[in-house]
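Working notes for the structure below.
Letters A, B, ... are given to chains in the order of the sequence lines, protein chains preceding strands, and every chain is numbered from 1.
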2 protein chains.
Amino acid sequence: MARSVLAQQPHWKAFASRRRDPATKREAVLKTAAELFLEKSYGRTSLNDIAARLNITKPALYHYFHRKEEILLECYRWGTTLIEESLTEIASSSGTGLEKVAAFIYSYANVMTVNFGRCVMRLDEGDLSAQALEEVRNYKRKIDRRLRSFIQDGIRDGSVGPCDPKIAAFSIAGAVNWICMWYEPEGPLTGEEIASQFARTLTQGLARRRTEVSRRTAPPGPSAD
Amino acid sequence: MARSVLAQQPHWKAFASRRRDPATKREAVLKTAAELFLEKSYGRTSLNDIAARLNITKPALYHYFHRKEEILLECYRWGTTLIEESLTEIASSSGTGLEKVAAFIYSYANVMTVNFGRCVMRLDEGDLSAQALEEVRNYKRKIDRRLRSFIQDGIRDGSVGPCDPKIAAFSIAGAVNWICMWYEPEGPLTGEEIASQFARTLTQGLARRRTEVSRRTAPPGPSAD
DNA sequence: GATGTATCTTACCGCCGGGTAAGATTAGGC
DNA sequence: GCCTAATCTTACCCGGCGGTAAGATACATC
């Protein structure tokens, strides 16, 4: 049980010694940066803040990164890689469209409870340079396309009821993306719990059903056909 | 049809004359500020930016607001008021729980396509002072409670199928909140369209059904409970 | 144990942001 | 038409930030 609370040692210990180990130090910088970006946002996090938490000084950071923005971009990259990995795995698996959607939600929600994953959706893209922005946007588009194709697979094979794949994808993606806004590692719900609950709840709405819902559930106002 | 594109005159015209009309000028400041905050985020929007778009200079703004943060807070207040209004109306209406949920989603989604409404959910709370933050958080809590109570009403009266109200509310709120992240006024979808589509799609998932979904839709990994 | 090199620190620069002081300009009641 | 008060501008201050230069320190290799 007991989710690892302070189980893994703080990142600043990577800088306790001056031993030459750039890789793990770079990683330590990235992890504490991600922490701070999620706590205070990128804009309000100064390089001094990051350095202070690592028990070093600002210029030391420049041994591992060229610009502040590079740190941000690396956070994005780490996160998108996490997502990418689980997604290709799902896409190559066999199963109904609905099953793929469920798997997508499950693993995607899980990523949204990991710091680097949260960064991808929670941090402000406006802080990225033009070309970095394009890179990140490409990743996101790819994710969206994947989800939408899973839904369409489901419609084809009959596991998903008739619906507009675009709106459905927006709904699901929205619900899952929003996790990174309210989730906190020390909170009552673990990542696994959230992920499996969301996968169940959200696919219920998508699954094909034999009985129709009462027509009284139509929204008020002008019904868009 | 043709959604009002440049239909309403630009806000800076409020400052074209020096006529004494503080109320509408204050409003003009607020509206352009909201625009800019959504375009560039609060942090990257300088008071000079706001002033420039209004064809005035920075110190002039201090005739209408004391601090920069006050502008931000007023944007939040305007938005939460919009939400609050439609919510109390729904709560006092009669209907099944599911109908109330649908009405909630519809009007809430609509607000998420209005600049001030978008501000509430899209802007970074971290830019607010401690007490302003508490004020905004209270509003948000109230909204969440309302939605959750509608869902519970639905479970009681049988219009909503059995589910965890907390998770269901998180899903719905997430999906709808996320609208403010991808919606853009000049885009292909109008606010009404989005709102009614979301109300329909999301309530489908909630509605009580007579047949169960195939058990094969369970998520992979350790199934909670 | 000396040496060269990676690592880190102290000190600094330029810039831009929020905010203020003090004075010009215009509106509008009389 | 004048005078007062609201309105807006020009000029400025201070602080903090990203980033750099140059020198101190400790590691690792021989």
Side-chain angles (χ1 to χ4, degrees), chain A residues 11-30 32-34 36-37 39-75 123-124 126-130 132, chain B residues 10-30 32-33 36-37 39-75 123-124 126-130 132:
Chain A
H11 309 127
W12 60 266
K13 285 216 168 171
F15 286 86
S17 143
R18 251 178 159 177
R19 204 177 71 262
R20 305 185 183 179
D21 188 0
T24 64
K25 289 191 179 178
R26 208 182 124 101
E27 193 176 315
V29 172
L30 236 45
T32 59
L36 282 162
F37 293 165
E39 287 172 20
K40 307 203 301 176
S41 88
Y42 174 78
R44 280 187 303 276
T45 303
S46 73
L47 292 178
N48 276 322
D49 292 335
I50 300 176
R53 192 167 284 194
L54 291 164
N55 275 113
I56 55 175
T57 57
K58 176 175 62 172
L61 294 173
Y62 283 84
H63 277 261
Y64 305 96
F65 300 91
H66 299 73
R67 272 151 281 133
K68 188 191 179 192
E69 190 224 330
E70 194 179 318
I71 301 180
L72 178 62
L73 180 55
E74 286 298 312
C75 287
L123 266 35
D124 187 352
D127 289 310
L128 291 167
S129 72
Chain B
H11 310 126
W12 61 266
K13 286 217 167 169
F15 286 85
S17 141
R18 250 177 159 176
R19 203 175 76 262
R20 305 187 183 179
D21 188 0
T24 63
K25 289 192 178 178
R26 209 182 122 101
E27 193 177 315
V29 173
L30 236 45
T32 59
L36 282 162
F37 293 165
E39 287 172 19
K40 306 204 300 177
S41 88
Y42 174 78
R44 281 186 302 275
T45 304
S46 74
L47 292 178
N48 276 324
D49 292 334
I50 300 176
R53 193 168 285 196
L54 290 163
N55 276 114
I56 55 176
T57 57
K58 176 174 64 173
L61 294 173
Y62 283 85
H63 279 260
Y64 305 97
F65 299 91
H66 299 73
R67 273 149 285 137
K68 188 192 179 191
E69 190 224 331
E70 195 180 317
I71 302 181
L72 179 62
L73 180 54
E74 286 298 312
C75 286
L123 266 36
D124 187 352
D127 288 310
L128 292 166
S129 72

Nucleotide N/O of nucleotides 18-21 of chain D paired with protein N/O under 3.5 Å:
| unit_1 | atom_1 | unit_2 | atom_2 | d |
| --- | --- | --- | --- | --- |
| dG18(D) | OP1 | Lys68(A) | NZ | 2.8 |
| dG18(D) | OP2 | Leu47(A) | N | 2.9 |
| dG18(D) | N7 | Lys58(A) | NZ | 2.9 |
| dG19(D) | OP2 | Tyr62(A) | OH | 3.0 |
| dG19(D) | OP2 | Lys68(A) | N | 2.9 |
| dG19(D) | O5' | Tyr62(A) | OH | 3.3 |
| dG19(D) | N7 | Lys58(A) | NZ | 3.1 |
| dG19(D) | O6 | Lys58(A) | NZ | 2.7 |

Could you work out, with side chain to side chain donor-acceptor pair (under 3.5 Å) as the rule, every residue matching [X], not counting sequence neighbours?
{"X": "Asn48(A)", "result": "none"}
{"X": "Lys58(B)", "result": "none"}
{"X": "Asp49(B)", "result": "Lys40(B), Ser46(B)"}
{"X": "Arg26(B)", "result": "Glu74(B)"}

Problem set entry | Non-neighbouring partners of Ala14(A) that pass side chain to side chain contact (heavy atoms under 4.5 Å, CB included), sequence neighbours left out |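 Ala14(A) satisfies side chain to side chain contact (heavy atoms under 4.5 Å, CB included) with Ala28(A) only.
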
Problem set entry | Asn55(B): side chain to side chain contact (heavy atoms under 4.5 Å, CB included) partners, not counting sequence neighbours |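 Expected list: Trp12(B).
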
Exercise. To the nearest 0.5 Å, what is the distance between OH (Tyr64(B)) and CG (Leu30(B))?
Worked result: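 If I round to the nearest 0.5 Å, the distance is 13.0 Å.
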
Please tabulate, one pair per line, all N/O donor-acceptor pairs under 3.5 Å involving side-chain atoms of residues 65-73 of chain B, not counting sequence neighbours.
| unit_1 | atom_1 | unit_2 | atom_2 | d |
| --- | --- | --- | --- | --- |
| His66(B) | ND1 | Glu70(B) | OE1 | 2.9 |
| Lys68(B) | NZ | Tyr42(B) | O | 3.1 |
| Lys68(B) | NZ | Thr45(B) | O | 2.9 |
| Glu69(B) | OE2 | Ser129(B) | N | 3.1 |
| Glu69(B) | OE2 | Ser129(B) | OG | 3.2 |
| Glu70(B) | OE1 | His66(B) | N | 3.2 |

[X] [atom1] - [N] [atom2] separation (whole Å):
{"X": "Lys40(B)", "N": "dC16(C)", "atom1": "NZ", "atom2": "C1'", "answer": "12 Å"}
{"X": "Phe65(B)", "N": "dC8(D)", "atom1": "CZ", "atom2": "P", "answer": "13 Å"}
{"X": "Leu61(A)", "N": "dT9(C)", "atom1": "CG", "atom2": "P", "answer": "9 Å"}
{"X": "His63(A)", "N": "dA26(D)", "atom1": "NE2", "atom2": "P", "answer": "15 Å"}
{"X": "Ile56(A)", "N": "dT10(C)", "atom1": "CD1", "atom2": "P", "answer": "12 Å"}
{"X": "Ile50(B)", "N": "dG17(C)", "atom1": "CD1", "atom2": "P", "answer": "12 Å"}
{"X": "Ile71(B)", "N": "dG19(C)", "atom1": "CD1", "atom2": "C1'", "answer": "12 Å"}

Exercise. Can you check whether Asp127(B) reaches Arg44(A) side chain to side chain, under 4.5 Å on heavy atoms?
Worked result: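 The answer is yes; the side chains approach within 4.5 Å.
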
Exercise. Is there a side-chain contact between Ile50(A) and Leu61(A), using heavy atoms and a 4.5 Å cut-off?
Worked result: yes

Problem set entry | Contact summary for Gly126(A) and Asp124(A), nearest pair of heavy atoms |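 Between these two residues, the closest heavy atoms are N-OD1, 2.9 Å.
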
Exercise. Quick one, which residues of residues 22-29 of chain B touch DNA chain C with a heavy atom under 4.0 Å?
Worked result: none

Using a cutoff of under 3.5 Å, can you pull out all pairs of nitrogen or oxygen atoms linking the protein to nucleotides 26-29 of chain C, with atom names and distances?
| unit_1 | atom_1 | unit_2 | atom_2 | d |
| --- | --- | --- | --- | --- |
| dT26(C) | O4' | Arg18(B) | NH1 | 3.1 |
| dA27(C) | N3 | Arg20(B) | NH2 | 2.8 |

